[in-house]
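Atoms within a ligand are numbered from 1 in the order they appear, just like the ligands themselves.
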Amino acid sequence: MPRRCTVCDHPERHSIDETLVTGAPYRSVAKRFGLSESAVYRHKTEHLPAHLLKAREAEEVAQADDLLDQVRHLQGHALDILERAEKAGDLRTALAAISQARGNLELLGKLAGELDERPVVNVLVSPEWLELRAVIVGALEPHPAARGAVLRAIEGGANGGA
Ligand SMILES: [Zn+2]
C-alpha cells in the first residue's frame, strides 16, 4: 500500500476538495485545515482529479437515472392512451400511441445499455474498499468459519464482477 494521504484521511476532505477546486492556493488550504503544504500539494495533483472524476460519474449516473424515470413515465402514458384508443375504436390514435411506445422502448433500451456500462467493478480496487476489507477480515479473526465464508464471498464477487 502507498503511504496514507493526510488529506484523503481528513474528516473534512470534501470541504478541502471543494476549496481546492475553487483555485484556492494550497498554502492557505493547508493552513486553514491544519495540514502540511506538501500533503495538500500532493493531494491536489495526485488524488483530486480522481475524486472529481468519481463525483462527475455519480452525477451523470443520477442524471441518466432521472432520464430513465421520465421515459418510463412517458411509456406509461403512451400505453394508457393506446388502451383507451383501442377501446374507443380510434385506430388512428392507437397507431400513434404504438409508434410513440416503440420510440420510448428504443430510448429505454439505449439508456439501460448506457447504465449497464457503469464502472461497478472499480469499487473492488479502491483504497477505501481494500481498507474496509482488511478491517472486516481482521475483525473476523477469532471466528475462522465466518472469516472463511466472508473471504470466499468476497473473492467470488470479485471474480464474478469482472
Ligand atoms: Zn489525497
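Cluster membership for F33 and Y41, using ILVMFWY side-chain heavy atoms within less than 4.5 angstrom, is shared.
Side chain of T19 to main chain of S15: a donor-acceptor pair is present (N/O by atom type, distance under 3.5 Å, no hydrogens or angles).
The set of protein atoms (N, O or S) found at less than 2.8 Å from the Zn ion (ligand 1) reads C5 SG, C8 SG, H43 ND1, H47 ND1, by chain and number.
Two residues are said to be in side-chain contact when any heavy atoms from C-beta on lie closer than 4.5 Å; Q100 and N104 meet this criterion.
A distance of 8.5 Å separates CD of E46 from SG of C5, quoted to the nearest 0.5 Å. Atom CG of residue D9 and atom NE2 of residue H43 lie 10.5 Å apart, to the nearest 0.5 angstrom.
Of all the heavy atoms in V7 and A39, the pair that sits closest is CG2-O, 3.7 Å.
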